[in-house]
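Here the structure comes first, spelled out in structure tokens, and everything after it is commentary.
In the text below, chain A, chain B and the rest are named by the order of the sequence lines, each starting its count at 1. Just so you know, these numbers come straight off a predicted model, no measurement behind them.
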Protein chains: 2
Amino acid sequence: MPEERPRRRQARGERRIAEILDAAAGVFAEAGFERATTNAIAAAAGISPGSLYQFFPNKAALAQALADRFVAEMAAAHRAAFDGTDFAALSVGEVADRVIDPILEFNLDNPGFKALFARPDMPSDLAAAAQPIQGALLGRVTAILAARVPGMPEPDRARSARVLIQIFQGMVPLVVSTPEPERPAVIAEVKRVLIGYLASIESLK
Amino acid sequence: MPEERPRRRQARGERRIAEILDAAAGVFAEAGFERATTNAIAAAAGISPGSLYQFFPNKAALAQALADRFVAEMAAAHRAAFDGTDFAALSVGEVADRVIDPILEFNLDNPGFKALFARPDMPSDLAAAAQPIQGALLGRVTAILAARVPGMPEPDRARSARVLIQIFQGMVPLVVSTPEPERPAVIAEVKRVLIGYLASIESLK
DNA sequence: TTAGATTACGAGTGATTGCTCGTATTCCAC
DNA sequence: GTGGAATACGAGCAATCACTCGTAATCTAA
């Protein structure tokens, strides 16, 4: 049975870990998770393969740590988008602006994010890492729906929240792949889609 | 310089090719493209690795052939969805039903499809194989928009067509992953989303 | 019938890649 | 200062996988 005493990191080590995660995000974004080699990540971080394995026991753990960091940053983006606002008092357009812009910006700033979380064969432990924010996001959208459409039956509300989230996440690739002069128009269309759906729900009384 | 004389296939060989493509679609769907090994595909087809390479020079060519078959079948699904209908004379609900159901059914029946075409690192030659149907789909949706909303400026029309397609394709994973008793309700929501967006475009006159 | 082509086999090969290990350097607590 | 821990190196190991090759069975055209 391995002792597995956690080593006491020096400041240098903490810095290295951050550098490795940065490098991994870049390589994942460029090559995709499978094609990304640990040696390439080490080279991108400016260290040797052996040094990389001083900090991460294997590639999966590296991916897990990067995922955890993404999740924490995404949670912050979600808090910025959702907290401290009375969504029942806003117009649908205002709701869309408040919620969509920061989350979209996060996706634009972190191309490695979807390389990790949108891959077809996501292992269960990575999905488990993403589950908290996914669940929290679902809860927040459901809460907005509950505040705005109180009469809606619970199953319908949960389903509509899932649909809203899926629309948004499904449109992210289109937004990201659209080059700059055209991008704001596409973002405006995304908002129109979500607003239209939200309005059609609210019009049911 | 290789002679590269195309060999004359026997009926048995044609059958084998179809069997290999079937097996590949299944293995791709289960394991994803990268994780799918050629030996596993051969085993699933009930043949040896060497026999597989009698028919396909490499894994990329196998993927290409499967993609071509999917594209042909998808094109047929598109024809069934679009041809012989005057979309200008239908209600938005009828348009949605006619277009969405057959294409959604194709995606449900062919789980290998998205394993090939939705992978993050799709090589350019695979994208080239998909381009004709993607282009044709874009043209068909644009034509429907042109028939229904004649006054719309061309750039807006093209953008809205792309958005409509992206909404649909972005929702496919949600539909596929929803188990059966619940699935029709999700499909109904997908249609409501598309109808809502279409109606909001048409309401602009 | 038979010669040549096609189909079939499966152990093996070369290349890739995640990861190790022996060793050297740097840091920090005492 | 000194000893132990943390950091760093990079050649190389073991496993995986796309693919090959020598050989044999089967089919088809004549």
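Shortest non-hydrogen contact noted between A:L145 and A:S160 is CD1-CB, 3.9 Å. Nearest heavy-atom pair, B:A81 versus B:I103, reported as atom, atom and distance to 0.1 Å: CB-CG1, 4.3 Å. Between B:V27 and B:A40, the closest heavy-atom pair is CG2-O, 4.3 Å.
Within residues 14-28 of chain B, the residues having any heavy atom closer than 4.0 Å to DNA chain C are, in order of number, B:R16. Of all the residues in residues 40-48 of chain B, B:I47, B:S48 reach under 4.0 Å from DNA chain C with at least one non-hydrogen atom.
Applying the salt bridge (Lys or Arg N to Asp or Glu O under 4.0 Å) test to pairs two or more places apart or on separate chains, those with a residue in residues 173-188 of chain B are A:R159-B:E182, A:R162-B:E182, B:E180-B:R183. Counting only residues at least two apart or on different chains, no salt bridge (Lys or Arg N to Asp or Glu O under 4.0 Å) pair has a member in residues 43-63 of chain B.
Looking at B:N110, B:L108, B:L104 one by one, the single match for side-chain contact (heavy atoms from CB on, under 4.5 Å) with B:F106 turns out to be B:N110.
Regarding A:F56, its CZ atom lies at a distance of 18 Å from the C1' atom of C:dT20, rounded to whole Å. Distance CG (A:L52) to P (C:dC19): 10 Å, rounded to an integer number of Å.
Residues meeting the side-chain hydrogen bond (donor to acceptor under 3.5 Å, both in side chains) test with A:T178, sequence neighbours left out: none. Looking at residues two or more places apart in sequence or on another chain, you find no side-chain hydrogen bond (donor to acceptor under 3.5 Å, both in side chains) involving A:K114. For A:Q166, there are no side-chain hydrogen bond (donor to acceptor under 3.5 Å, both in side chains) partners at least two apart in sequence or on another chain. Applying the side chain to side chain contact (heavy atoms under 4.5 Å, CB included) rule to A:A61 yields the partners A:P57, A:N58; only residues at least two apart in sequence or on another chain are considered. Evaluation of the salt bridge (charged side-chain N to carboxylate O under 4.0 Å, His left out) rule for A:D83 yields A:R140 as partners, not counting sequence neighbours.
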Can you pull every protein N or O that's under 3.5 Å from an N or O on nucleotides 18-20 of chain D?
residue : atom : partner : partner atom : Å
D:dA18  : OP1  : B:A36   : O            : 3.3
D:dA18  : OP1  : B:K59   : NZ           : 3.2
D:dA18  : OP2  : B:T38   : N            : 2.8
D:dA18  : OP2  : B:T38   : OG1          : 3.2
D:dC19  : OP2  : B:Y53   : OH           : 3.1
D:dC19  : OP2  : B:K59   : N            : 2.5
D:dC19  : N4   : B:N39   : OD1          : 3.4

Within the sub-3.5 Å range, which N or O atoms of nucleotides 23-30 of chain C have a protein N or O partner, and how far apart are they?
none

*Please test A:M171 against B:V163 for side-chain contact (heavy atoms from CB on, under 4.5 Å), starting from the C-alpha separation and ending with a verdict.*
CA-CA 8 Å; A:M171 301 290 278; B:V163 169; 3.5 Å; yes
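Rounded to 10 degrees, the angle separating the terminal axes of the helix from C:dT1-D:dA30 to C:dC30-D:dG1 is 10°, with each axis obtained from five end pairs.
In the model, A:S51 has no side-chain atom that pairs as donor or acceptor with a side-chain atom of A:R16 under 3.5 Å.
Taking 4.5 Å as the limit, some side-chain heavy atom of B:L21 sits within range of a side-chain heavy atom of B:L62.
Residue B:R9 qualifies as enclosed at atom CZ: its count of foreign heavy atoms under 6.0 Å is above 12.
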